[in-house]
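All ligand and atom numbering here is 1-based and tracks the order in the structure. Note that these values count all heavy atoms, side chains included, but never hydrogens, waters or copies made by symmetry. By convention here, the first residue in the shown sequence is residue 1.
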Amino acid sequence: MKVAVFSTKSYDRTFLEAANADYEHELIYFEPHLNYETSILAADFPAVCVFVNDQLDAKTLTKLASQGTQIIALRSTGFNNIDLNKAADLKLTVVRVPAYSPYAVAEHTVGLILALNRKIHRAYARIRDGNFSLDGFLGFDLHGKTVGIVGTGKIGAITAQILNGFGCQILAYDKSPHPDCEALGVKYVSLSELFAAADIITLHCPLIPETHHLINAETISQMKTGVMLINTSRGALIDTKAVIKGLKSGKIGYLGLDVYEQEGDLFFEDFSNQVIQDDLFERLLTFPNVLITGHQAFFTVDALKTIASTTLANLSKFEQGQPCPNQIKAEAL
Ligand code: NAD
């Protein structure tokens, strides 16, 4: 099928081209993000393939449908960037990659926890500068600490397994407890109990209306002073202004982010020679106890191989008129 592939980087092409040997779709790559303005590029493409920062709002979907698009293939697990109700109204099929490598994201999450705790990112710079002082690098043993996991789906459950290996006590909040977590002895509690007891809180729930700004001034006030907060899920789970206040007061002792609410204007691009205009993001960068990566938790060879092959298989199923288990519908919200 003829597919307009948006937001493509060289690594996307490499993995999609390799996987396409088995599927033989006609893949046409576009570097820009998909939004209303760029949707004209997809004219006459029955399939459109997108990533996390493409904007599939009602206006863009209407335009795509009017131009002949029939299927939207997300190269991601999250689907917060698409208006599923509008897609259903327009009879657009939406498919995603429900699991590519939950290990990739869980391992990156634990990487952020370790680096923030032991200041590995700062030590790297200090040692290269010939400064061997340990001042400011005091960490804590992870062993025996309480970790609160919000959302124990595929990624949250693996994060729990890894942290269990460190000897952490694990609390979790999820409406559907994961059997692997229950077998591990993870204790399911209410969200407020989790906030009150956890030394480290890590977010692995989807971004849906119910979880938008889940971390806000009120919920931060319920947390332990000096808490470590990690978000590798979606930026808008966190109210950034409230978190900045929490960092300034010392309520939040550590912040590790792989995602950011306004990341669509920044992430995956090189702005090293420009003045970044996002003042909230720039304020975050001034804190010594904040570590940010640019939505790279998914970025492993294993994950990119699976993203490419699952996306192309989803498109083939649609083309052949077969049911696709990776189709998402408005009820998923
Ligand atoms: P999943 O669907 O397997 O698990 C999500 C879990 O969250 C489910 O168990 C669900 O019951 C739970 N949940 C739903 N609403 C909740 C709520 N209000 N409070 C608490 N829990 C709730 O998804 P997954 O594969 O584990 O992925 C989790 C999230 O990770 C995705 O939604 C995506 O946004 C993010 N993600 C980020 C990256 C990255 O590179 N940073 C990569 C992949 C996925």
Subject >> Polar side chain donor-acceptor pair, H295 to T293, under 3.5 angstrom >> reply: no

request  = Using the ring of Y36 (Phe, Tyr or Trp, six-membered ring only), decide whether K59 places NZ or CZ under 6.0 Å from its centre and within 45 degrees of its axis.
outcome  = yes

field: NZ/NE/NH1/NH2 to OD/OE distance under 4.0 Å, K187 and E193
entry: no

Less than 4.0 Å from some atom of ligand 1, heavy atoms are found in residues T77, Y100, V105, V150, G151, T152, G153, K154, I155, Y173, D174, S176, H204, C205, P206, I208, E210, T211, T232, S233, R234, D258, H295, A297, F298

Quiz prompt | Exercise: do D54 and S7 side chains pair donor with acceptor under 3.5 Å | solution = yes

>> Pairing donors with acceptors under 3.5 angstrom, does anything connect the side chains of Y260 and D278?
In response: yes

Exercise for the section: Side-chain contact test, heavy atoms from C-beta onward, threshold under 4.5 Å: evaluate it for V189 versus Y173 and give yes or no. Expected result: no

